[in-house]
Amino acid sequence: ILNVEQSPQSLHVQEGDSTNFTCSFPSSNFYALHWYRWETAKSPEALFVMTLNGDEKKKGRISATLNTKEGYSYLYIKGSQPEDSATYLCATYSGYSTLTFGKGTMLLVSP
Amino acid sequence: EAGVTQSPTHLIKTRGQQATLRCSPISGHTSVYWYQQALGLGLQFLLWYDEGEERNRGNFPPRFSGRQFPNYSSELNVNALELEDSALYLCASRGQGAGYNEQFFGPGTRLTVL
């Protein structure tokens with residue numbers, strides 16, 4: 001994998017469903033992985049920064065895991081609510097300069 | 001604490017004109033990053049300023065330029081606008097000591113080139 005890739009591109013679930021998305025990244029030169037939540041017409045908001053293989057982070061109903069050896073991270077949302085509707089971005093940091101972003105997963109949660 | 005602010009919210013220009021976009025970082029943050037999100041693409045890194053100096057730039061032509069002022073606010077200038085410059089431009093700031101490059105984003109400027 002040369003770039004940061006996110007799947008699926010979009011997802012439509014019903015309120016109460018649990019869901020998960022994937023972020024794949026080059027495992028070489030890895031320093032940190034960031035997850036952001038981006039609601040329409042607002043600023044992207046930081047969710048998690050993850051650095052260690054096997055890391056697991058949780059914030060309310062949202063959690064994330066990290067596998068640096070195989071180059072992927074999963075984001076889970078338990079019991080999705082309409083207010084979870086947003087684009088979820090992941091980005092990697094190699095230790096210098098800037099973040100490299102994936103294209104995002106757009107989540108729509110219907111009531 | 002006030003977040004990152006950007007102005008204007010929307011900007012409409014015609015081909016060949018110049019556009020100036022502005023960003024004010026979070027108080028105390030010295031680094032400013034600019035990103036472009038064109039239709040169908042992810043956030044593409046444009047420029048990084050720190051302590052008034054350009055530290056790195058992404059794969060964009062020289063007509064994309066900018067500067068950072070002594071108060072750490074920043075300006076992005078796009079000269080000789082082309083239709084494909086139509087995009088959302090996001091600015092982010094980072095404080096010193098942000099070891100994993102935690103960036104805080106503004107709401108963006110939507111640039112439309114006609």
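Atom set for the values below is all heavy atoms of this structure, side chains included, hydrogens, waters and symmetry mates excluded. Note on naming: letters A, B, ... go to the chains in the order of the sequence lines (proteins, then strands), and numbering restarts at 1 for each one. Quick caveat: nothing in here was measured; it's all calculated off a predicted structure.
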Please output the residues of [range] in contact with chain A, using a heavy-atom cutoff of under 4.5 Å, in numerical order.
{"range": "residues 14-25 of chain B", "result": "none"}
{"range": "residues 104-114 of chain B", "result": "B:F105, B:G106, B:P107"}
{"range": "residues 39-78 of chain B", "result": "B:G40, B:L41, B:G42, B:L43, B:F45, B:W48, B:R55, B:N56"}

Note, B:Y35 side chain near A:T98 side chain (heavy atom, < 4.5 Å):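 Result yes, sub-4.5 Å side-chain heavy-atom pair found.
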Is any side-chain heavy atom of B:L90 closer than 4.5 Å to a side-chain heavy atom of A:P44?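 Counting from C-beta outward, B:L90 and A:P44 do come under 4.5 Å.
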Please say yes or no: joined through hydrophobic side-chain contacts below 4.5 Å, possibly via intermediate residues, are [X] and [Y] part of one cluster?
{"X": "A:W38", "Y": "B:W34", "value": "no"}
{"X": "A:I77", "Y": "A:L11", "value": "yes"}
{"X": "A:L66", "Y": "A:I62", "value": "yes"}
{"X": "B:L88", "Y": "A:Y36", "value": "yes"}
{"X": "B:L81", "Y": "B:L83", "value": "yes"}

Engaged part of B:Y33 at the chain A interface, taking heavy atoms whose separation is under 4.5 Å: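 Only the side chain of B:Y33 comes within 4.5 Å of chain A.
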Could you tell me which of B:Q103, B:Q37, B:E102, B:Q6 has the largest number of non-hydrogen atom pairs under 4.5 Å with chain A?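 Highest number of heavy-atom pairs under 4.5 Å: B:Q103.
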Name the region of A:L89, side chain, backbone, both or neither, that has any atom closer than 4.5 Å to a heavy atom of chain B.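 The side chain, not the backbone.
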I'd like to check the salt bridge (charged side-chain N to carboxylate O under 4.0 Å, His left out) partners of A:K42; sequence neighbours left out, ordered by chain and number.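 Expected list: A:E39.
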Is it the case that more than 12 heavy atoms not belonging to B:Y100 sit under 6.0 Å from its OH atom?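 Not more than 12 within 6.0 Å, no.
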Should we count CD of A:Q9 as having more than 12 external heavy atoms under 6.0 Å?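 No - once you tally the heavy atoms of other residues, nucleotides and ligands closer than 6.0 Å, there are 12 at most.
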